[in-house]
Structures are given as C-alpha cells and as structure tokens.
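Have a look at the structure below, then the notes.
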Amino acid sequence: MYYSSGNYEAFARPLKPEGVDHKSAYIVGSGLAALTAACYLVRDAQMPGANIHVLEKEEVAGGACDGLLVPEVGYVMRGGREMDNHFEVMWDLFRSIPSIETAGVSVLDEYYWLNKKDPNFSLCRATEKQGQDAHTDKKFNLSDKAAMEIMKLYLSADEELYNKPITDFFDDEVLNTNFWMYWRTMFAFENWHSALEMKRYMQRFVHHIGGLPDFTALRFTKYNQYESMILPMTKYLESHGVQFHYGVKVENILFDITPNKKVATGIEVTRDGEKDTIGLTEDDYVFITNGGCVENSTIGSQDAPAAFNTEIKPGGGWDMWRKIAAQDPSFGHPNKFCYDPEKTNWMSATVTTLDQRVIPYIKNICHRDPFSGGVVTGGIVTCRDSSWLMSWTINRQPQFKSQPKDQCLVWVYGLFTDKPGDYVKKPMRDCTGKEICEEWLYHLGVPTDQIEEMAENSCNTVPVMMPYITAFFMPREAGDRPDVVPQGAVNFAFIGQFAETKRDTIFTTEYSMRTGMESVYTLLNVDRGVPEVWGSTYDVRDLLNATIALRDGRPFDLDSLNAAARPVVKTVLGKLKGTEIDKLLVNYHVIKPEDIPDKTIGEQVKETIDTKIDTEEIKKKAEDNKKVIGAAAAGLAVLGAARILRKK
Ligand SMILES: Cc1cc2nc3c(=O)[nH]c(=O)nc-3n(C[C@H](O)[C@H](O)[C@H](O)COP(=O)(O)OP(=O)(O)OC[C@H]3O[C@@H](n4cnc5c(N)ncnc54)[C@H](O)[C@@H]3O)c2cc1C
C-alpha cells in the first residue's frame, strides 16, 4: 500500500489482484470502517461479493452512524456528522456508490450538489443568559501568549506529546477563550484529552481554521447518516451478493504467531446463544473493528433516563479487543482507552417538536425557518453559560424520510453529564428526556413558567448515554492502537477508530473509511495509490491563512517589537522585498504593505558597500583581540601545569 495525491491515480482503476476469486473475507462489525472495507473488496480488489461475510452483533448495520425511529420511543440520532470536502477516501468511494434517492447519480454527486446549492454557515454560534446571542462574532480572542501556546503544540514532535493531556500545553490563557469554546464543543474535546490528538486535529484541519467560528468549513448530508450513507453502502454491497450476518457476536480471534509471521486461524462467535468457531486459512482475510465509541450506549425515553452502563461484556468490541491484545504486543493496549468512563462519556438527546410553540424561540436564535428545507442552525449553537456545556443543532429538515412535515428534529448534547443543570438542577445522566428538554428550553429563552408544560406536551425527547464516546481521545503513545496491518500479519487487519494510521484524525467518518481502504489495499496488494490525508499542513498558504485567522485578522505588528528587534525584522523584510515571499506575506495579510522597506536587498547591499566601512580600523581591533586571547590562554596553561606539579 502506498499513498498518492492528484488526478492520475484518483481516476485510475487497479488491475485485479491475482487469485482473488479463490479468497474470502470475514469482516467484524458493520460500521463505516467495515462497510468501506467490503466496498473496496468489491470495487477495487474485485473479490466476488458472495465470498465476503459481514459479522455484526446488532440487528442493523451502521454502528455509530445511526438514525432510528424506535417504536413507542421516538426518533433517535446519537450524533450528526460534520464533514469536510477533504475527506479524500470518503469521496473516492462515494463517487462509485449509487444514490438511493436519484437514479443514475452517485452519493458524491447528491452531496456535492446539495452543499453547492445550500452552503452551510451559522448566524449564531453561541448564546448566553437564556437565549441571548453571546456575540462571539467570529472572533477567537486569543492573546499573543495564547497563540504561542497553540503554536508550541502545533510544532511539537509526536514523541513530546505521548501520554500527555492538553492541559500540559494550554493554560487558562487558551482555555478561557472563544477558540477553546468553539473547538471543544465542535470536536468534543475535554481538557484532559490527548495533546497528541489535539495536534493532529490542528494540523489535519488547518485549512479550515478561518471557517471554524461560523462553520463555513462544514458540509452535511441530506438526511441522518444512516439513511444518507449507510443505506446506500449496504444496498450496493447487497447488490453484489455480500453476505450480512446479524446478531453474531465475535468473542475472540485466534492467531498463530511466530517471530516473522502472524496468521489468524479462527473466529470464535456466539450466534443465537450457541458458540461456534469459523476456521480460517491464509486465503481467508479477517478485518477487525476493535473497541468502539458507541459500545455500551443506551437509549432512554421521554420519561426515563438513559442508563449509565459501563460494564464490559464478552461479545462486544472492548472485550474482544482485550482478548486479541493479550495474544501479541503489536495488537495494542485497549486499557489505555477504556478504563475510566467518567473521562470518556457524554450524552446526546433527540428532541422532536410536536407543535409550533418552540419554533419562534429557535428562529429567534438561528434567524432561519426550520421548515425551509435548507440549512437551519448551520452547525451547533453552544449555550456558553450552561453547566452541562450544552450545544444543539438543527440540520436540514426533514432528517428522516418518514418524518412528518410539521415536526422538527433537534440534536442536543452535553459534555459534562455529572454537573447539575441550570434549570433542572440534576446531572444530565439522571434526567429523563423531558427533563433534558426542559434544560434546553431554558437555555433557548422560553419563560420559566412555560418550560415544564412545553417539554411535556410540545416535544418528545429521547436521551442517549455513551460511556465510551471519547475513549479514543484519551492520552496515548505509539503502539497503543495496533497498526491497520501489524508487522508480519498475513491475513488480518484492524479497522476503525482504534486502528493506527498516519496523520488522520479520529472521531471522523473519514478516519474509519481510511482504515477500511488501507486494510484492503495492503492485504490484497491492490496496486493503486490510497489518497493521502489532505496535505494542508504542508501548504504555506494554509499556514499563513490560519495564522492570521487565529489573530482575528490582525497582521503582524512591527510596532509591538522592542527597539532592538525592530531593525532586525525590518532588515529581514527588506531582504524579502520584490520576492515571492514578500507577495505571499502581503497577499495573505501577514504584514502590511507599508512595513516592507522601500529598498530591495540589492539596493541595501549597494548602500552598505557605499557606506565606506573603515576596514583598517576593524583589522586593528581584531589584532588587539587576538593578543588578549593569546595572553589569557598562556596564563591558564601555566596555572594548570603548576597545579599538576603540586599534586605529584
Ligand atoms: C455522537 C457521534 C457524533 C459524531 N460526530 C461526527 C462528526 O461530526 N463528524 C464525523 O466525521 N464523524 C463523527 N462521528 C464519528 C463517526 O460516526 C464514527 O467514527 C464512525 O461512524 C465509526 O465507524 P467504525 O466503523 O469505525 O466503528 P463503529 O461505527 O463503532 O462500528 C463498529 C461495529 O462493530 C460492531 N461490533 C463491535 N464489536 C463486535 C463484536 N465483538 N462482534 C460483532 N460485531 C461487533 C458494532 O456493533 C458496530 O456495528 C460521530 C460519532 C458519534 C457516535
């Protein structure tokens, strides 16, 4: 497997790998990583679909990418996916997956046209004091010291960041800014999470820094991601004869491990309560989704909290990984991620509005009509003074094809589930759907005497608890996640959020899909480049743009330098005059045009020569200095010799 970029490889079709017709694949899980592996096995490795088996413990495909109408409970979306135009693997695949909405077009076409016609941006990023605009006004509000802390992390080598939390790099100077409020609510980072992953995120999305405050950086699917992404993929795979096996729990994978070779030899499963082992040869590949961010997640209802159930049981992603990891050090360290659910949980809730009473409060904040069919909030709105650190979002409606036209689906989430609410005075994890809705209505600005009645009769709210949702953000080091294809592996790969691939960022659809593609290309020797992670961190234009965006548009201020530094910087800038660098710095607003000295470097050199330096004087001073140094050296030598003689 190798990486590439550009059009040459992007549109090329690989040749069929030798002998693939006689090989088969077993894929553990049916999340995005697993479905992507299956799609690449079909499209690029050209394996017959009937040879591919997807083993899923649940009764439905999709894993974390869900969207459900639970009978008697209501609509539930555990999450909503913010996405990027530079999800290179995702678009490489979705250009080939037929839309299930419109005949003859791909999922990529559908998504591209939608986001072109109706681009995403937010008109209110944060509120405070019960529904009032917090007027963050697209500002990051970073001081120079805060900017230096961010810069230090950005430039630190990975090894420097191993096992360290973000707070080792950021203090209140960063943590109390709009920057951190935007960042942690958008990506669900907590202060104690991994500095290494924080750096990866900043580098991965440096081209989007300017678009963070108002979400112009983002794109969304038409419906929830189960309907817009998972269903087209499963339909594509089924049309190629891929075999889906639901309700199959994989308890363990067995390996034959010798110093230079690791072979998966069996898959231990429980099916309908019966244990079984699927035997494997070297021609049977296994793709393992280890761990899992939605493992142990539970659903409550309008009148019941979602249980905080942290117990790890056999047949789930974590227990399976622990059993696998016990067999070889290169299979990773699950306990680095899954050991303290207090540090890795948060909750979401799906509110369905049942009448029109809440709608004016929504409109008042997002300044758009939720029923227009277009962008509504344009990303999350954070209630900045909420003790749960609550955010909410309304994506294009309807979010479900089956959704009644006069109902609006709102996704609400809170990062601190153990803190009492500002209105309900209870921790989010103890709240029923109705109580979570009350807290949301309070922050929306609904008069307090109407809140309870509106939460009861005008909304239906379904809470979800996810104890391990940010397990992948826990501080880590190299080797804690197994490589997609570990050294010496012959017929198996790790895929998903807990497999290691270079430079990409976890908690993204792209990360899971990338591991799926890389696993197939490596194991089956597919001879075509895997698109590299978008290289904006190596693009000086993106770096300059981000630098100035983080300074809220302020160019470099020469006057802020001390008297000694100013002439030095002036000289450097003078040397750049008339070069491409001069143009870049001015065009990207890093410096003001008037800060470039009038004279070019050539003119300055000429001026220096013309300033008739008295070379004789300089020579004389150098000779005098030489004499002084010589005398001092001789003196030291004599002293040293005398000391040695005395010792003897
Ligand atoms: C709340 C939330 C918000 C998100 N927001 C965003 C976002 O804004 N942008 C973005 O890009 N991404 C986002 N994501 C991330 C993205 O959705 C996930 O990273 C991705 O869907 C994970 O896919 P996966 O295949 O790696 O793992 P999963 O989806 O977890 O799939 C694993 C599958 O394996 C099955 N499985 C596990 N163990 C076993 C076993 N032992 N036997 C059989 N089956 C097993 C599971 O049941 C599951 O179906 C979000 C996710 C969530 C949950």
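Read the numbers this way: they start at 1 and go in the same order the structure lists the ligands and their atoms.
- For W346, every heavy-atom contact with ligand 1 shorter than 4.0 Å involves the side chain, none the backbone.
- For atom 4 (C) of ligand 1, the closest non-hydrogen atom of the protein is F507 CE2, 3.5 Å.
- The distance criterion of under 3.5 Å between nitrogen or oxygen atoms is not met by M466 with respect to ligand 1.
- Residue C65 places a heavy atom less than 4.0 Å from ligand 1.
- Looking at heavy atoms from C-beta onward, L93 lies in side-chain contact with Y40 at the 4.5 angstrom threshold.
- For atom 46 (C) of ligand 1, the nearest non-hydrogen atom from the set E58, E56, M320 belongs to E56.
- Protein heavy atom nearest atom 27 (O) of ligand 1, with residue, atom name and distance: T289 CG2, 4.0 Å.
- Each of the atoms 19 (O), 26 (O) of ligand 1 lies under 4.0 Å from some heavy atom of Q497.
- Around atom 16 (C) of ligand 1, the closest heavy atom drawn from R81, M513, M90 belongs to R81.
- At the shortest separation from atom 5 (N) of ligand 1 among protein heavy atoms lies G80 O, 3.6 Å.
- Which parts of ligand 1 touch G315 is read off a 4.0 Å heavy-atom cut-off, strictly below it: atoms 40 (C), 41 (N), 42 (N).
- Between W411 and ligand 1, no pair of N/O atoms sits closer than 3.5 Å.
- Counting heavy atoms only, S512 comes closest to atom 26 (O) of ligand 1 of the residues S512, G317, G379.
- A ring-centre distance under 6.0 Å is found for W183 and F179.
- Scanning all protein heavy atoms for the shortest distance to atom 44 (N) of ligand 1 gives K57 N, 3.2 Å.
- Taking 4.0 Å as the cut-off, E251 does not count as a neighbour of ligand 1 on heavy-atom distance.
- Among protein heavy atoms, atom 31 (O) of ligand 1 sits closest to G31 CA, 3.5 Å.
- For the side chain to side chain donor-acceptor pair (under 3.5 Å) with S99, the lone residue among K222, E110, K235 that qualifies is E110.
- Under the ring-ring contact (aromatic ring centres under 6.0 Å, His included) rule, Y111 has a single partner from F87, F94, W91, which is W91.
- Of the candidates M77, E510, E59, E82, it is E82 that places a heavy atom closest to atom 8 (O) of ligand 1.
- Using a 4.5 Å heavy-atom cutoff, the side chains of T185 and I380 are in contact.
- In this structure the side chain of S519 reaches within 4.5 angstrom of the side chain of V484, judged on heavy atoms.
- Here's the thing with L32: one of its N/O atoms is less than 3.5 angstrom from an N/O atom of ligand 1.
- Regarding atom 42 (N) of ligand 1, its nearest protein heavy-atom neighbour is V250 N, 2.9 Å.
- Each of the following atoms of ligand 1 lies closer than 4.0 Å to a heavy atom of R78: 1 (C).
- Under 4.0 Å from ligand 1, not a single heavy atom of Y511 appears.
- By the 3.5 Å distance cut-off applied to N or O atoms, T509 is counted among the residues near ligand 1.
- Within the 6.0 Å centre-distance limit, the rings of Y201 and F187 are counted as a close aromatic pair.
- Looking at S297, A33, G79, G29 and measuring to atom 25 (O) of ligand 1, the nearest heavy atom belongs to A33.
- Residues W346 and F416 place their aromatic rings such that the two centres sit no closer than 6.0 Å.
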Trace of the side-chain contact (heavy atoms from CB on, under 4.5 Å) decision for Y26 with L280: CA-CA 9 Å; Y26 293 87; L280 303 170; 3.8 Å; yes

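- In summary, the aromatic rings of F331 and F492 are positioned with their centroids under 6.0 Å apart.
- With a 4.0 Å heavy-atom cut-off, ligand 1 is reached by the side chain of V294 but not by its N, CA, C or O.
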message: Working note: R95 + D109, criterion salt bridge (Lys or Arg N to Asp or Glu O under 4.0 Å); need CA distance, chi angles, decisive distance, verdict.
response: CA-CA 7 Å; R95 74 184 157 87; D109 290 334; over 6 Å; no

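- With contacts defined as side-chain heavy-atom distances shorter than 4.5 Å, the pair K138/T216 does not qualify.
- Counting atoms of ligand 1 from 1 in the listed order, those under 4.0 Å from a heavy atom of L55 are 43 (C), 44 (N).
- For F498 and F337, the ring centers are positioned less than 6.0 Å apart.
- Taking distance alone, with nitrogen or oxygen atoms compared against 3.5 Å, I469 stays at or beyond that limit from ligand 1.
- Among all non-hydrogen protein atoms, the one lying nearest atom 28 (P) of ligand 1 is A64 N, 3.8 Å.
- Close approach to V248 involves these atoms of ligand 1, each under 4.0 Å from a residue heavy atom: 42 (N), 43 (C).
- Under the 4.5 Å side-chain criterion, counting only non-hydrogen atoms from C-beta, T505 is not in contact with F472.
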message: The test is salt bridge (Lys or Arg N to Asp or Glu O under 4.0 Å); show your working for E56 and K249 and say whether it passes.
response: CA-CA 7 Å; E56 171 56 57; K249 293 180 179 177; over 6 Å; no

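- Two rings, from Y413 and W392, have their centers 6.0 Å or more apart.
- Within the 4.0 Å heavy-atom criterion, neither part of T515 lies near ligand 1.
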